[in-house]
Trainee: 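This is the structure, below, for whatever I ask next.
In listed order, ligands and their atoms are each counted from 1. In this text, all values refer to a predicted model and were calculated from it rather than measured experimentally.
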Amino acid sequence: MAPSPDHEPVLTASNLHKTYRGGLLSRGGAVRAVAGVDLELYPGETLGIVGESGCGKSTLARMLVGLERPDEGEVAFRGRPFFGRGLSGGGVPRDIRRRVQMVFQDPLTSLNPRMTVHDIVAEPLRVHRLARDARAMRDRVGELLELVGLSPDRMHRFPHEFSGGQRQRVGIARALATEPDVIVCDEPVSALDMSVQAQVVNLFAELQRTLGVALVFIAHDLAVVRHVSHRVGVMYLGRVAEMGPAAGVYGAPAHPYTMALLSAAPVPKPRLRGRSRIMLAGDPPSPVAPPPGCRFHTRCWKATDRCSEVEPALEAVGDHYAACHYAERPPERTPSPERTT
Ligand code: SF4
């Protein structure tokens, strides 16, 4: 299902900030992992989030499901704030925890090796009291395993007896157990072999279509995100650089960083082939000391003095949003000639 502006967002993040202090990477400073992110997720849509490693995607994912408390800002489920600074310290309310689930990056470490697949998938059913007895629980676990393409006959085996792709399917079955409205998927295929990635991505697309669950799909691979997403957000150093419908962002990127990422990715459309590759200077700056003004200015070939002094806001550019003083406007659509007969 494509997102519909007629619907209220199912999940809203407002002005999320997260800074880590005293960690190994901070070297005595403060790592500003997420620095003012807003997003809305609509019922039945997939919102892809892409960016280089260290851009804050995973911290954002953990804040969206209530695993990481923001320093500022809040997260709301169907308009009801449930997690953020100033809200109750008691964690995410149980009814919302049921509705917002997560699939983790590495199925090997996210599944308890001492539990059988039955017990792993049954755990949320038990916690949320969603099965009346052991038999109902076993039947439901079997249904969930079938839904993700695994045989229920294998429910009494342990995670190490499954392949990486199958283990990720177990993680997806566990996330689906509570019939969530939202699943936040944090790099769900990046730990898998290339040959298996497509199968798992197709499974997400299929589940999204058949169950109508809304997905936040986080990845560093642009091709993966494009395949499953209705809308895409591009993150750079803890902020959103560009966000909009996937066709608009991939077809006519407005932000120089998006252009650079796309120019380095394989291009399926013949009309876009031949675009020259944009080589970015250097590595992303440290999130301990992000550059003033536009965070991208130290690597941007379009930067001017204004860019190093004034931070650009995320503003509408055609049908999407970009945080750039000199964002490219999408080409005007040529109006169809009027009929004369
Ligand atoms: Fe580049 Fe300036 Fe735009 Fe930042 S604001 S992306 S530095 S042109």
Trainee: With 2.8 Å as the threshold, which protein atoms of type N, O or S lie near atom 2 (Fe) of ligand 1? Leave waters out.
Mentor: C307 SG
Trainee: Do we see a donor-acceptor contact under 3.5 Å between the side chains of N202 and H227?
Mentor: yes
Trainee: Please find the pair of heavy atoms, one from Y42 and one from V10, that lie closest to each other, and give the distance.
Mentor: C-CG1, 4.0 Å
Trainee: Which of the numbered atoms in ligand 1 are below 4.0 angstrom from a heavy atom of H255?
Mentor: 6 (S)
Trainee: Apply ring-ring contact (aromatic ring centres under 6.0 Å, His included) to H220 and list each qualifying residue two or more places apart in sequence or on a separate chain.
Mentor: none
Trainee: Should the pair K57-E187 be classified as a salt bridge under the 4.0 Å nitrogen-to-oxygen rule?
Mentor: yes
Trainee: Are F296 and Y236 an aromatic pair by the rule of ring centers under 6.0 Å?
Mentor: yes
Trainee: Checking side-chain polar atoms at under 3.5 Å, does T304 have a donor or acceptor matched by the opposite partner on Y326?
Mentor: yes
